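One structure below.
Counting begins at 1 with the first residue of the sequence. Quantities reported herein were computed from a predicted structural model and do not represent experimental measurements.
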Amino acid sequence: MPLDWDKLRVFHAVAEAGSFTHAGETLNLSQSAVSRQIQALEEALQVPLFHRHARGLILTEPGETLNRTVREVFAKLAMTEALLTESRERPAGRLKVTSTTGFGNAWLAPRLARFLKLYPDVSVTLLLDDSDLDLAMREADVAIRMHPPRQPDLIQRHLASFGWRIVGAPEYLKSAGIPQRAEDLDEHRLIVWGEHRPPIDEVNWLSEAGRRPGAPRRAAVEVNSTTAMLRAVQSGLGLAALPDYMGSELNGLLQVLPELKSPRLEAFFVYPEEMRHSKRVAVFRDFLVAELAGAH
């Protein structure tokens with residue numbers, strides 16, 4: 001017999017939620033209705049889809065296989081729906097954008113007002129995450145990433161190249177002194193990202209500057225947010241290397257060692273092949289390019 005779409009939708013919700021109760025809340029169905037749908041699906045397929053435990057539900061091997069396919073199908077349907085609902089005349093509908101927390105907070109969020117003034121029929125969902133969301137699985141429509149895409153099936157456009165500024169608060173530098181060369185950083189309190197899911201490989205480069213390879217200096221503070229690093233610098237805690245896309249956020253801080261060689265941050269606009277003809281994606285890409293051209 002053909003698989004029932006409603007039952008598959010219920011199955012997918014249960015597989016993602018891990019319980020009949022939570023899936024029922026998502027679907028606005030009673031727990032017993034959800035349970036009946038799953039039981040009917042298992043009877044139709046003649047395989048158990050879940051192991052039932054006191055702590056919840058765990059997918060069986062056939063359940064895992066079915067859920068992989070169902071997840072892909074629903075992701076493709078969501079993408080198709082998004083494209084079909086877009087107006088022929090002008091960009092409209094929701095655009096899910098993901099970016100790193102630093103770039104999203106400091107650069108992108110303050111510019112969304114200008115974008116939405118140009119395109120009032122578009123609404124934006126901004127997902128800030130320093131790990132890469134899966135665009136093929138519709139976790140987002142488009143991404144702004146600080147590295148070339150690692151997935152081969154994504155369309156990419158280079159947006160901009162950013163540098164870094166080593167900055168400190170005036171009161172901190174007055175008491176600690178201004179470093180004249182990279183080796184002087186040994187005498188300063190440094191604020192770096194640390195090892196927790198760095199958004200780019202060289203994010204902690206200040207720890208290594210002026211040191212022999214493999215012997216980084218120890219930072220005073222590690223914090224996995226460039227916004228928090230900025231606040232720590234502003235408080236007079238120490239020195240940090242911050243991306244120059246932070247622009248006016250760095251006002252009031254003093255730059256040191258401007259001649260020090262640093263890695264470049266390469267920003268890319270990335271989206272899946274299926275979104276190639278989306279007007280929302282096209283106008284958002286063009287907006288980013290124009291804004292970044294004006295900033296550089």
SB check D186 R217 (cutoff 4.0 Å) | yes
Indicate the ring-plane relationship of Y119 and F115, choosing parallel, tilted or perpendicular according to the 30° and 60° boundaries.
-> tilted
Parallel, tilted or perpendicular: rings of F103 and F162 (30°, 60°) | tilted
Checking L242, L265, D244, L260 against W164 for side-chain contact (heavy atoms from CB on, under 4.5 Å), the one that qualifies is L265
Take the angle between the ring planes of F269 and F284 and call it parallel below 30°, perpendicular above 60°, tilted in between.
-> tilted
To the nearest 0.5 Å, atom CG of L257 lies from atom CG of D184 at 7.5 Å
Let me know which of T101, T226, N224 forms a side-chain hydrogen bond (donor to acceptor under 3.5 Å, both in side chains) with D130.
-> T101
So, R231 versus Q234: side-chain donor-acceptor pair below 3.5 Å or not?
-> yes
If every non-hydrogen atom of A23 is compared with every non-hydrogen atom of A17, which pair is closest and at what distance?
-> N-CB, 3.8 Å
Within the distance-only criterion (no hydrogens, no angle test), does the side chain of W205 pair as donor or acceptor with the backbone N or O of E208 below 3.5 angstrom?
-> no
Apart from L127 itself, which Ile, Leu, Val, Met, Phe, Trp or Tyr residues share its cluster (side-chain heavy atoms under 4.5 Å, direct or through members)?
-> L133
Over 12 foreign heavy atoms within 6.0 Å of CG, D153 = yes
